[in-house]
Amino acid sequence: MRIVFMGTPDFSVSVLDALVDAGHEIAAVYCQPPRPAGRGKKDRPSPVQRRAETLGLQVRYPVSLKGAEAQADFAALDADVAVVVAYGLILPQAVLDAPRHGCLNIHASLLPRWRGAAPIHRAIMAGDATTGVCIMQMEAGLDTGPVLLRDAVQIGAEETTGEVHDRLSALGARLVVQALQVLPDLMPEMQPDKGVTYAAKIDKAEARVDWTRPAAEVDRLIRGLSPFPGAWCEIAGERVKLLGSRVVSGIGAPGAVLGGFVIACGDNAVEITQAQRPGKKAMPADDVLKGLRLGDRLG
């Protein structure tokens, strides 16, 4: 098929690779414009832009698709279908209608649960046992379109958002290639009204650990916000990111250090398995403790 690919972050790169490997013609790649990043605040291209340029593909990064010129440029690509995964712009109806088979979205949840911006984070933070990927026919509403294919996976007891992200990225790549092979024969499944939840964008104000919460909630927060933006607490005046954890038995005042990197919560305790001090790389907890004294209680 002749495809317009639309994606921006790392999650999207494996999908682009899979489409190329499957022999599809990529008419153009759309992604977000380069953004200032790093200490020098120089414009840095997105992961998808870098990969597309390496593959020799045409790359476009309009600031908006609302204008008539941008929509005409998109329609002129004469695509069979657009594949959209974590692109970052709302697609106007004219864009949704331009490809012969419309626009397919790869969404990292089992719709209608966790429509919206942060489905992997929210699934882990909510304690979901399963998640997955849906291939959805896009329409004007937020992740409301009919589902063409879906596949579920279990969320491991100690898995982080980063780990689930990588698994779902690979799953989405396989699933969309499968969908394209039989696209005319797929029967759209309308999403039910029951069970709709919204995965709101992560607010950094959510990231500070509240040790008075039950250990299960603290553990899910830490794993759900790992690696970005990272749950954090204050230790010896430092803002330390907590990037891996597990629930363990323990009794003490909330925030009390029970030995090693085991911290008491509102009930039970969590053991921190990975952390990151300011200006340093993420490290296993044992290595962090070699240069950091926890004291008696964490803030």
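- Under a 4.5 Å side-chain heavy-atom criterion applied to ILVMFWY residues, the cluster that includes Val196 comprises Leu142, Tyr198 as well.
- Counting only residues at least two apart or in different chains, side-chain hydrogen bond (donor to acceptor under 3.5 Å, both in side chains) contacts with residues 256-273 comprise Arg246-Glu271.
- At least one donor-acceptor pair under 3.5 Å links the side chain of Thr54 to the backbone N or O of Arg50.
- Looking at Ser12, its side chain does come within 3.5 Å of a backbone N or O of Val85 through a donor-acceptor pair.
- Between Asp151 and Arg174 there is no salt bridge, since no side-chain N of the basic residue sits under 4.0 Å from a carboxylate O of the acidic one.
- None of Glu238, Lys204, Arg239, Gln276 except one satisfies the side-chain contact (heavy atoms from CB on, under 4.5 Å) rule with Trp232; the exception is Arg239.
- Ion pair Arg122/Asp128 not flagged as a salt bridge, since none of the NZ, NE, NH1 or NH2 atoms sits closer than 4.0 Å to an Asp/Glu carboxylate oxygen.
- Side-chain atoms of Arg277 come within 3.5 Å of backbone N or O of Gly291 as a donor-acceptor pair.
- How far CD1 of Ile202 is from CZ of Phe228: 9.5 Å, rounded to the nearest 0.5 Å.
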| request: Give the intermediate values and the outcome of side-chain hydrogen bond (donor to acceptor under 3.5 Å, both in side chains) for residues Gln58 and Arg60. | output: CA-CA 7 Å; Gln58 178 189 168; Arg60 299 178 177 180; 2.8 Å; yes

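- Ion pairing of Arg213 with Asp210 is absent here, as no side-chain N (NZ or NE/NH1/NH2) approaches a carboxylate O to less than 4.0 Å.
- At a threshold of 4.0 Å, the pair Arg2-Asp80 does not count as salt-bridged, since none of the basic side-chain nitrogens sits closer than that to a carboxylate oxygen.
- None of Val176, Leu180, Leu175 except one satisfies the side-chain contact (heavy atoms from CB on, under 4.5 Å) rule with Gln178; the exception is Leu175.
- Atom CG in Leu149 sits 13.0 Å away from atom CE in Met187 (nearest 0.5 Å).
- A side-chain donor-acceptor contact under 3.5 Å links His107 to the backbone of Trp114.
- Salt bridge status for Arg223 with Glu163: absent, with no side-chain N to carboxylate O gap under 4.0 Å.
- Rounding to the nearest 0.5 angstrom, the gap separating the NE2 atom in His121 from the NE2 atom in His165 is 9.0 Å.
- For Arg35 (side chain) and Ser46 (main-chain N/O), no donor-acceptor pair under 3.5 Å exists by modelled atom type.
- A 6.0 Å sphere centred on CD of Glu69 holds no more than 12 heavy atoms belonging to other residues, nucleotides or ligands.
- The backbone N or O of Gly156 sits less than 3.5 Å from a side-chain atom of Glu159, completing a donor-acceptor pair.
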